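These notes are about the structure you will find just below.
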Amino acid sequence: MRSSVFFLIAVLVGAAVFFGARFVHNEYIFFAGFVILQFIVLATAWNILGGYTGYVNFGTAAFFALGAYSTVFIHKLYPLPIPVLILIGGVVSGIVGLGMGYLTLRLRGAFFSIATLALAVVLQTLIVNWTFVGGSRGAYIIRPATAPLIGNYIEYMFLIMLALAIVAITTARVIERSQLGYGFATIRDDEVAAEASGVPTLRLKLIATTISGALMGMAGAPFPYYIGYVEPTSTFGLAYAVNSIAMPMIGGTTSWIGPLIGAILLGTIQQVATVTISSAVNLLIVGLLLVAFVIIAPKGLIGLVQDFRRSRGG
Amino acid sequence: MMAQALLDIVGLSKRFGGFVALDGVDLNVKQGERLGLIGPNGSGKSTLVNCICGTLHNEGGSVKFDGKKIDGLIAHQRTRLGLARSFQLPRPFVGLSIADNLRVPLIYTVHAREGRRFTRAEMEDHCGEFLRLVGLADKAKKFPRDLSMVELRKLELARAMAAEPKLLIADEAMAGLSHSEVDDILALLARLSERGITIILIEHIMRAVMAFSQRVAVLVSGKKIADGLPQDVMRDPEVERAYLGQ
């Protein structure tokens with residue numbers, strides 16, 4: 001399927017989701033849906049680096065928070081429309097992604113992961129000590145009462161995140177099927193052999209960290225307007241890092257559809273658990289599911305389906 | 001003779017901490033030549049290959065390829081210049097199909113070199129050609145895990161070939177193979193040589209080295225101790241001592 005056709009179908013599905021959600025006549029659907037869509041973007045972004053090239057990034061929260069705090073910063077100066085803020089958040093965290101990649105990508109395996117974790121700690125410390133964006137007390141963002149075109153603000157936020165999810169998934173799919181995708185796969189499999197086949201591994205890894213970081217920042221940019229109050233501890237929360245790793249792992253990391261399925265599945269379960277039990281149980285659910293999948297289906301749901309097909313095909 | 005040297009190594013040294021792996025090695029290989037490189041285990045053969053191909057960087061001396069100094073170039077840049085290698089232990093891209101394994105050097109080396117993209121049909125043609133050359137045409141859609149050891153070694157050679165190199169270094173491409181499988185690989189290398197590709201064969205199987213090489217170089221403890229016609233080198237007392245002890 002051509003990418004333009006895929007994009008069109010994704011837009012149609014997105015439109016169906018939006019009007020379906022409107023049909024329910026319950027604003028909570030949009031609140032919960034926003035979070036799930038946000039995780040679709042984060043999981044897809046994580047997978048571009050972690051799934052395609054095999055470099056496990058523990059710093060999702062740092063990129064997400066960069067996006068969120070770019071918005072806080074600009075909101076304090078001059079409030080701009082959310083789509084513009086998303087672009088700015090994307091540029092900022094894309095640049096940080098490139099920088100992080102340049103500094104850390106000579107490290108492999110666990111060492112790279114530890115470096116990304118350190119990035120999150122360093123950035124959080126910076127934000128805590130930066131009073132202009134609220135410091136450790138946090139910052140309030142007063143959400144406008146109405147949104148352009150649609151009117152209802154939460155529906156507007158939902159629509160924006162839906163569009164971002166479509167963009168992220170289409171990007172991931174385009175990469176997967178392009179020459180870049182082949183290059184990423186060789187890096188995941190064997191970097192020395194990749195170099196010997198002419199693959200410029202460092203450059204490709206930098207492209208991956210930049211795209212991945214930018215998408216994470218884009219997911220974070222609308223967050224202050226959604227939550228209304230941003231403070232470092234929750235914005236740099238463990239939940240973002242853990243979820244954005246767990247979702248692709250559970251769905252399957254080799255294809256764009258894995259993070260999508262994982263995010264919808266885990267995100268929905270968490271939203272339901274938040275309402276029925278408590279949000280405190282969310283990380284427990286993620287942990288248990290992750291353990292279960294690592295044991296039963298290490299290649300995620302996609303791997304399970306592929307194995308099943310192969311065994312039937314003989 | 002020097003003017004035609006495709007690969008010209010002068011005084012190459014490499015150490016790992018206190019261990020001197022290569023100690024001032026000189027070696028040159030002419031265009032179209034078939035060179036056998038032998039030496040006991042740990043004599044520095046693979047280190048030499050790694051230094052030539054850019055997987056490791058040499059500390060002393062220089063490597064000239066096709067008239068150009070390539071010290072300091074990263075591995076993929078050397079591959080694009082026309083240096084290709086196979087690995088001692090096959091290192092296939094396990095997540096890609098056999099045909100896709102060959103697409104990688106086509107995309108990243110041949111494209112980059114020619115500055116244009118292959119069309120889908122050209123790509124299929126090239127892949128098919130190399131698969132047929134090594135006899136893996138019927139396994140194009142399989143994955144590396146479905147291949148036997150000898151097939152993996154053929155894939156290794158095919159992938160190196162797909163980069164359309166001027167110089168191919170086959171690092172122990174026959175280790176652990178049966179008599180007839182060794183003949184298979186030898187025939188394959190001979191076919192590549194006929195296409196005008198310069199080949200360095202690193203091997204322990206003397207039968208293969210003697211059958212294939214026009215010239216043999218011997219590496220012992222990081223030093224080159226002999227270099228010449230295969231029969232002469234075999235009679236060299238120093239070589240005998242290195243292999244058989246005193």
Side-chain angles (χ1 to χ4, degrees), chain A residues 1-3 47-55 102 105-106 108 174-208 248 252-256 258 298-300 302-303 306-307 309-311 313-314, chain B residues 49-50 52-56 73-97 99-113 117-118 123 141-146 152 155-156 158-165 168-169 171:
Chain A
M1 198 192 318
R2 295 182 64 88
S3 294
N47 200 47
I48 289 175
L49 180 67
Y52 295 170
T53 75
Y55 275 77
Y102 199 76
L105 278 171
R106 286 169 181 83
R108 295 197 182 162
V174 167
I175 289 175
E176 209 175 296
R177 285 157 189 251
S178 68
Q179 307 199 344
L180 209 54
Y182 277 108
F184 285 175
T186 64
I187 290 171
R188 182 180 58 213
D189 286 344
D190 191 326
E191 262 183 68
V192 174
E195 276 280 334
S197 295
V199 181
T201 51
L202 182 63
R203 193 191 315 157
L204 292 198
K205 286 188 286 184
L206 289 177
I207 293 174
T253 56
T254 51
S255 160
W256 58 272
K299 282 183 276 176
I302 303 179
Q306 281 170 345
D307 287 347
R309 272 196 195 154
R310 198 171 292 135
S311 66
Chain B
V49 176
N50 285 335
I52 295 173
C53 297
T55 310
L56 294 172
L73 290 189
I74 309 169
H76 73 261
Q77 295 171 320
R78 302 190 192 202
T79 308
R80 287 178 183 181
L81 284 178
L83 253 167
R85 68 174 297 184
S86 70
F87 288 92
Q88 196 170 349
L89 290 173
R91 303 178 83 148
F93 303 124
V94 292
L96 300 178
S97 73
D100 283 346
N101 262 272
L102 298 190
R103 274 195 191 104
V104 173
L106 286 173
I107 293 171
Y108 280 98
T109 308
V110 183
H111 280 193
R113 197 183 291 146
R117 287 175 170 216
F118 285 135
M123 192 73 122
K141 292 213 171 83
K142 300 260 184 198
F143 282 80
R145 62 169 173 273
D146 305 318
L152 280 175
L155 175 63
E156 226 11 74
R159 198 176 61 191
M161 282 304 307
E164 294 180 7
L168 173 70
I169 304 178
D171 192 357

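Lettering of chains follows the sequences in order, A, B, ..., and the numbering in each one begins at 1. Source: prediction; values computed, not measured.
- More than 12 heavy atoms of other residues, nucleotides or ligands lie within 6.0 Å of CZ in B:Arg145, so this atom counts as buried by the packing criterion.
- If you measure heavy-atom distances from A:Ile187 to chain B, you find no contacts under 4.5 Å at all.
- For A:Tyr55, the ring-ring contact (aromatic ring centres under 6.0 Å, His included) criterion is met by A:Phe112, not counting sequence neighbours.
- Atom-to-atom distance recorded for A:Asp189:CG and B:Asn101:CG is 8.0 Å, nearest 0.5 angstrom.
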Can you list the steps and then say if B:Tyr108 with A:Leu204 is a side chain to side chain contact (heavy atoms under 4.5 Å, CB included)? CA-CA 11 Å; B:Tyr108 280 98; A:Leu204 292 198; 3.5 Å; yes
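- At a 4.5 Å heavy-atom cutoff, the contact between B:Arg103 and chain A is made by side-chain atoms alone.
- Distance check: A:Arg188 CZ to B:Leu96 CG gives 7.0 Å after rounding to the nearest 0.5 Å.
- The nearest pair of heavy atoms linking A:Gly198 to B:His76 is C-CB, 3.5 Å.
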Take B:Ile74 and A:Glu195 through the side chain to side chain contact (heavy atoms under 4.5 Å, CB included) test and state the conclusion after the steps. CA-CA 8 Å; B:Ile74 309 169; A:Glu195 276 280 334; 3.5 Å; yes
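- Separating the CG atom in B:Asp100 from the OH atom in A:Tyr182 is a distance of 3.5 Å, to the nearest 0.5 Å.
- Shown here for A:Ser197 and B:Val104, the closest heavy-atom pair between the two residues is CB-CG1, 4.0 Å.
- With sequence neighbours excluded, the residues that form a side chain to side chain donor-acceptor pair (under 3.5 Å) with B:Arg91 are A:Asp190.
- Of the listed residues B:Val94, B:Thr55, B:Leu83, the one with more heavy-atom pairs under 4.5 angstrom with chain A than any other is B:Val94.
- In this structure, B:Phe87 and A:Val192 have side chains that are in contact, with non-hydrogen atoms separated by less than 4.5 Å.
- For A:Ala196, the parts lying under 4.5 angstrom from a heavy atom of chain B are both the backbone and the side chain.
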